[in-house]
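Working notes, beginning with the structure itself.
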Amino acid sequence: MLSQSQIAPYFDKCTDDDGVVEILSGYVVCKFLNGSNCAQVIRKIQYLCNFLRVTGRGHILRMGEEAFKAVTFEVAVGSERIGASPATTPAGKELFNLIRQKASKKNYKIVTHPLGGPGAVPTFFSPDQHQRLLLDLGVNIEDRPPWLERYYSRRCSLLDPVALALSPEYQSRVRTETLPVYVTREIAEGVRNIERELEVSRVEAEA
């Protein structure tokens, strides 16, 4: 639905992590709409990281490092939060409006999530389809890493910002070893590859 070169100009409009997570979430929604499964979406995020880096957009990876990690982990555990939090940036709103237009032409119905998000992944799967997605992954939503729940809760203004600022778990860097043990080897390896892309971007910036 949207290629790397088509999504890149939206990333160019981002000024912070919040902007990056909205654009990256839109990109992920597009990949699910095109029929990708979770492992394939993670692979596409990795390719996107590489594309941004080699086209002189490494600063986007560094600015949105938390966003890339959070979205990657969320896809790995079932994608419930992708597109569930509100789009607040001009670029994010523009992108999700475009996604809705394209989705309607494919007879996908994307509805607003109760939390205010413009297009959560579960909303365009039937209940049976979404349940199969979770069963295929062996996902137990209760196993979502606490830091990941906090990341999305912060975006939805469900937690006290002062409490979040004092939370060492939220402030600490996202670590791949926090990935739940039930994910497939393919997904786990994809997450590690994205971590390496982000690390390369940091090293290049320091060189």
Side-chain angles (χ1 to χ4, degrees), residues 1-14 19-55 57 60-61 64 67-87 89 91-113 117-139 141 148 152 183-194 197-198:
M1 186 180 289
L2 286 173
S3 66
Q4 294 172 348
S5 59
Q6 290 172 318
I7 203 73
Y10 291 94
F11 279 114
D12 291 337
K13 299 176 183 179
C14 295
V20 173
V21 74
E22 291 178 13
I23 302 307
L24 183 57
S25 295
Y27 184 73
V28 166
V29 166
C30 287
K31 299 312 166 187
F32 276 117
L33 286 171
N34 283 345
S36 296
N37 60 34
C38 290
Q40 291 167 334
V41 170
I42 287 176
R43 194 176 310 121
K44 291 177 187 298
I45 295 175
Q46 178 193 346
Y47 297 156
L48 175 64
C49 288
N50 184 264
F51 174 83
L52 292 174
R53 191 166 53 78
V54 301
T55 56
R57 296 180 172 93
I60 293 171
L61 299 178
F68 271 89
K69 290 177 179 176
V71 170
T72 298
F73 271 73
E74 183 59 33
V75 172
V77 298
S79 309
E80 291 276 337
R81 298 292 186 267
I82 302 296
S85 54
T89 66
K93 293 176 182 178
E94 179 184 350
L95 176 60
F96 271 97
N97 283 337
L98 177 62
I99 291 171
R100 286 187 178 216
Q101 292 171 13
K102 289 180 174 291
S104 66
K105 294 178 181 179
K106 293 189 174 185
N107 295 319
Y108 281 106
K109 182 181 180 181
I110 298 183
V111 299
T112 300
H113 190 275
V121 168
T123 65
F124 53 82
F125 285 130
S126 71
D128 287 345
Q129 286 176 317
H130 189 243
Q131 189 61 33
R132 283 200 299 273
L133 169 68
L134 299 183
L135 288 174
D136 288 344
L137 289 172
V139 167
I141 295 303
L148 188 58
Y152 281 101
V183 302
T184 66
R185 179 178 298 179
E186 182 180 11
I187 286 178
E189 181 60 30
V191 171
R192 286 192 290 272
N193 288 339
I194 292 170
E197 287 285 346
L198 296 172

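Residue numbers run from 1 in the order of the sequence given. Bear in mind that the values here come from a model prediction, so they are computed numbers and not experimental data.
The closest side-chain heavy-atom distance from Asn37 to Gln40 is below 4.5 Å. Contact check for Phe68 versus Glu197: no side-chain heavy atoms found under the 4.5 Å cut-off. Looking only at side-chain heavy atoms (C-beta outward), Val71 and Val20 stay at 4.5 Å or farther from each other. When side chains are defined from C-beta on, Leu48 counts as touching Leu24, because their heavy atoms get closer than 4.5 Å. For the pair Tyr27/Ile23, no side-chain contact is recorded, criterion being any heavy-atom separation below 4.5 Å from C-beta on. No side-chain heavy atom of Tyr47 sits under 4.5 Å from any side-chain heavy atom of Asn50.
Not one N or O on the side chain of Lys102 forms a donor-acceptor pair closer than 3.5 Å with the backbone of Leu2.
Scanning all heavy atoms of the two residues, the minimum distance from Ala87 to Gly92 falls at CB-C, 4.1 Å. When all heavy atoms are compared, the tightest approach of Leu61 to Cys49 is CD1-O, 3.5 Å. Listed here is the closest heavy atom pair of Gly26 and Leu95: CA-CD2, 3.9 Å.
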Discussion item. If you apply the rule side-chain contact (heavy atoms from CB on, under 4.5 Å), what do you find for Val191 with Val75, and how did you get there?
Written reply: CA-CA 10 Å; Val191 171; Val75 172; over 6 Å; no
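Atoms CD1 and CZ, from Ile194 and Phe73 in turn, are 9.5 Å apart once rounded to the nearest 0.5 Å. Rounded to the nearest 0.5 angstrom, Ile45 CD1 and Asn193 CG are separated by 12.0 Å. To the nearest 0.5 Å, atom SG of residue Cys30 and atom CD of residue Gln6 are 9.0 Å apart. To the nearest 0.5 Å, the span separating SG on Cys38 from CD on Glu186 amounts to 10.5 Å. A distance of 14.0 Å separates NZ in Lys44 from CZ in Phe51, rounded to the nearest 0.5 Å.
Annotation: cation-pi pair Lys13/Tyr10 present, NZ/CZ under 6.0 Å from the ring centroid and within 45° of its normal.
Side-chain atoms of Glu22 and Ser25 form no donor-acceptor pair, as typed in the model, at a separation below 3.5 Å.
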